[in-house]
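Data first, discussion second: the structure below is written as structure tokens.
Since the model is a prediction, treat every value here as computed from it, not as a measurement. The figures that follow rest on heavy atoms only: side chains count, while hydrogens, waters and symmetry mates do not. Numbering of ligands and ligand atoms starts at 1, following listing order.
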Amino acid sequence: MVAKIINGLKISKKIQKKIKNEINIRKKNGLLIPGLAVILIGKNNSSKIYVKNKKIACKKVGFLSKIFKLSENISENKVINILKKLNKNKLIHGILVQLPLPKKFNTLKILKNISYKKDVDGFHPINIGLLCQKNPNLRSCTPLGIIQLLKKIKIKIKGINALIIGASNIVGRPMMLELLLAGCTTTIAHRFTKNLKKHIKNADLIIIAIGKPNFLHGKWIKKGAIIIDVGINRLKNGKIVGDVDFYSNYIKASYITPVPGGVGPMTVTSLLQNTLYACKKYNDLKK
Ligand code: NAD
């Protein structure tokens, strides 16, 4: 048995085509075009690439995008002032601060200053709280992208044993809330988890986001498990690999996402969907 590969790139292109069509219709009908503002602070090379990809994606579907490249020396107050102005800007419907921020910044404080109505990364305490109460509004992009991938493969995940490895604020924790919402029996493991292999063996679905190249070996997993690889790791030779040892999992799993071309493209697509959602919900319908 070999796994079916979940082609996130293909799925994401299809969704983006639909968004583009919707934007063309909005233009014809004189409706607002979604606008995304992205704030990039400092010189993190990966962040620069992610921001560039977000800009390209916006252009492709016909959104407005505005990128703010700020020096690491900028004060927290100045960043918050920029956010406050963007919160009031009628042409901007989504605001995203690219993470991780340089160490001197208080990330949670900065994120709290984005209006929850424009929080297209889904990290604002109100949006995380709503998801926690089974009433999602703007949902974190990577977990939302993964839920969409799982829907595409049409496997019923209600009641299955899901294991998330990695408990960060941006992936693991919101992923846990999404899987609970989807009805999975959900376990979340992290660097202090004892007996990780026992949890891995018990899981029907594994979502891993730890940032350790090729960490998850196929010999540990249950035969037929679904493996979702969130990791993006650049090796010394320049190659990008995930947190999953691909081949050993591929020959034992039922479904697997590749890196690149799996979860990554879906994260950007969820961001576009969230920006369109925010534009419609808080402007067309004026709630
Ligand atoms: P993070 O460093 O904030 O969190 C890592 C988590 O992994 C922590 O909870 C830690 O406890 C856990 N962990 C570390 N080593 C472990 C181990 N040996 N066993 C069990 N748990 C362990 O990382 P992050 O920001 O969540 O990112 C994780 C990975 O996902 C990175 O490679 C990142 O580049 C990638 N990522 C990809 C996307 C995407 O769109 N595909 C989006 C976000 C992050």
Side-chain angles (χ1 to χ4, degrees), residues 6-9 11-12 15-16 38 40 44-54 56-57 96-103 105 107-108 111 120-123 128 139-150 162-179 186-203 206-217 220-221 227-236 238-246 256-274:
I6 306 175
N7 188 337
L9 191 59
I11 295 169
S12 124
I15 300 173
Q16 291 194 17
V38 179
L40 172 66
N44 182 312
N45 281 334
S46 304
S47 292
K48 280 188 197 164
I49 295 171
Y50 296 145
V51 168
K52 193 173 148 206
N53 289 342
K54 286 166 188 172
I56 292 170
L96 175 157
V97 176
Q98 186 64 44
L99 302 179
L101 290 177
K103 281 216 170 80
F105 293 98
T107 302
L108 292 183
L111 294 181
V120 283
D121 243 348
F123 297 147
I128 289 285
R139 299 153 81 164
S140 309
C141 296
T142 302
L144 177 60
I146 292 171
I147 291 294
Q148 298 193 82
L149 288 181
L150 292 171
L163 171 67
I164 302 156
I165 312 178
S168 70
N169 279 348
I170 65 168
V171 187
R173 283 164 200 261
M175 191 73 244
M176 173 191 76
L177 297 172
E178 287 287 354
L179 290 180
T186 308
T187 303
I188 184 155
H190 42 74
R191 70 177 89 240
F192 305 120
T193 299
K194 289 180 183 155
N195 247 328
L196 180 61
K197 285 183 192 159
K198 194 182 104 198
H199 293 292
I200 290 172
K201 194 87 215 154
N202 189 39
I206 299 175
I207 296 173
I208 181 162
I210 63 173
K212 303 237 157 99
N214 307 320
F215 176 90
L216 180 71
H217 199 281
W220 304 332
I221 69 166
I227 306 295
I228 307 288
D229 191 353
V230 183
I232 303 176
N233 309 290
R234 187 179 290 276
L235 301 181
K236 278 191 183 142
K239 199 177 165 206
I240 302 282
V241 298
D243 291 345
V244 171
D245 179 66
F246 187 81
I256 190 165
T257 58
V259 176
V263 173
M266 289 303 290
T267 299
V268 180
T269 297
S270 299
L271 174 69
L272 298 174
Q273 289 173 306
N274 277 348

Point to revise | Side-chain donor or acceptor of S140 paired with backbone N/O of G122 under 3.5 Å | key: yes
Exercise for review: Indicate yes or no for a side-chain donor-acceptor contact from N274 to the backbone of V120 under 3.5 Å, with no hydrogens or angles considered.
Suggested key: yes
Review point. Is there a donor-acceptor pair closer than 3.5 Å between any side-chain N or O of N44 and the backbone N or O of S46?
Key: yes
Exercise for review: Could you tell me whether the side chains of K48 and Q98 share a donor-acceptor contact shorter than 3.5 Å?
Suggested key: no
Exercise for review: Mark yes or no for whether D229, through its side chain, and V244, through its backbone, hold a donor-acceptor pair below 3.5 Å.
Suggested key: yes
Exercise for review: Look up atom 2 (O) of ligand 1 and tell me if a protein heavy atom lies less than 4.0 Å from it?
Suggested key: no
Practice item. Give yes if a backbone or side-chain nitrogen or oxygen of V263 is under 3.5 Å from a nitrogen or oxygen of ligand 1, and no if not. Key: no
Practice item. Please verify whether a non-hydrogen atom of N233 lies at under 4.0 Å from ligand 1. Key: yes
Practice item. Report the nearest protein non-hydrogen atom to atom 42 (C) of ligand 1: residue, atom name, distance rounded to 0.1 Å. Key: T142 OG1, 3.4 Å
Point to revise | Shortest reach to atom 5 (C) of ligand 1 by a heavy atom, considering only G231, A209, G242, G211 | key: A209
**Study point:** Closest protein heavy atom to atom 44 (C) of ligand 1, given as residue, atom name and distance to 0.1 Å
**Key:** V171 CG2, 3.9 Å
Practice item. Kindly give the heavy-atom pair with the smallest separation between Q148 and S270, and that separation in Å. Key: NE2-OG, 3.6 Å
Point to revise | Under-4.0 Å heavy-atom contact between protein and atom 34 (O) of ligand 1 | key: yes
Check your understanding: Backbone N or O of A167 within a donor-acceptor pair of the R173 side chain at under 3.5 Å?
Key -> yes
Study note, to complete from the structure: Ranked by distance from atom 24 (P) of ligand 1, the top protein heavy atom is S168 OG, 3.8 Å
Revision key, fill the gap. Per-atom filter on ligand 1: closer than 4.0 angstrom to a heavy atom of I170 are 25 (O)
Review point. Atoms of ligand 1 less than 4.0 Å from G264 heavy atoms?
Key: 40 (O), 41 (N)
Point to revise | Contacts of L177 that satisfy side-chain contact (heavy atoms from CB on, under 4.5 Å) - sequence neighbours left out | key: I128, L131, C132
Exercise for review: Pick whichever of I208, T257, V230, I210 has a heavy atom sitting closest to atom 38 (C) of ligand 1.
Suggested key: V230
Study note, to complete from the structure: Output for pair (T187 OG1, I200 CD1), nearest 0.5 Å, gives 11.5 Å
Practice item. Verify, without hydrogens or angle tests, whether D243 (side chain) and K212 (backbone) share a donor-acceptor contact under 3.5 angstrom. Key: yes
Point to revise | Atom NZ of K52 with >12 non-hydrogen neighbours under 6.0 angstrom | key: no
Exercise for review: Please could you name the atoms of ligand 1 that I165 approaches to less than 4.0 Å, counting only its heavy atoms?
Suggested key: 20 (C), 21 (N)
Review point. Heavy atoms only: which of K212, R173, M266, H199 is nearest to atom 15 (N) of ligand 1?
Key: K212
Review point. Taking side chain as C-beta onward, heavy atoms only, is I210 less than 4.5 Å from V230?
Key: no
Check your understanding: Are any of the N/O atoms in T267 less than 3.5 Å from those in ligand 1?
Key -> yes
Practice item. Answer with yes or no whether F215 contacts ligand 1, where contact means a heavy atom under 4.0 Å from a ligand atom. Key: yes
Practice item. Give yes or no for whether the N/O distance cutoff of 3.5 Å, strictly under, is met between A167 and ligand 1. Key: yes
**Study point:** ligand 1 atoms in contact with G166 (distance to a heavy atom under 4.0 Å)
**Key:** 6 (C), 7 (O), 9 (O), 12 (C)
**Study point:** Nearest-neighbour protein heavy atom for atom 21 (N) of ligand 1, which is reported as residue plus atom name and distance
**Key:** H190 C, 3.1 Å
Study note, to complete from the structure: Of R234, M175, R191, the one whose closest heavy atom lies nearest atom 10 (C) of ligand 1 is R191
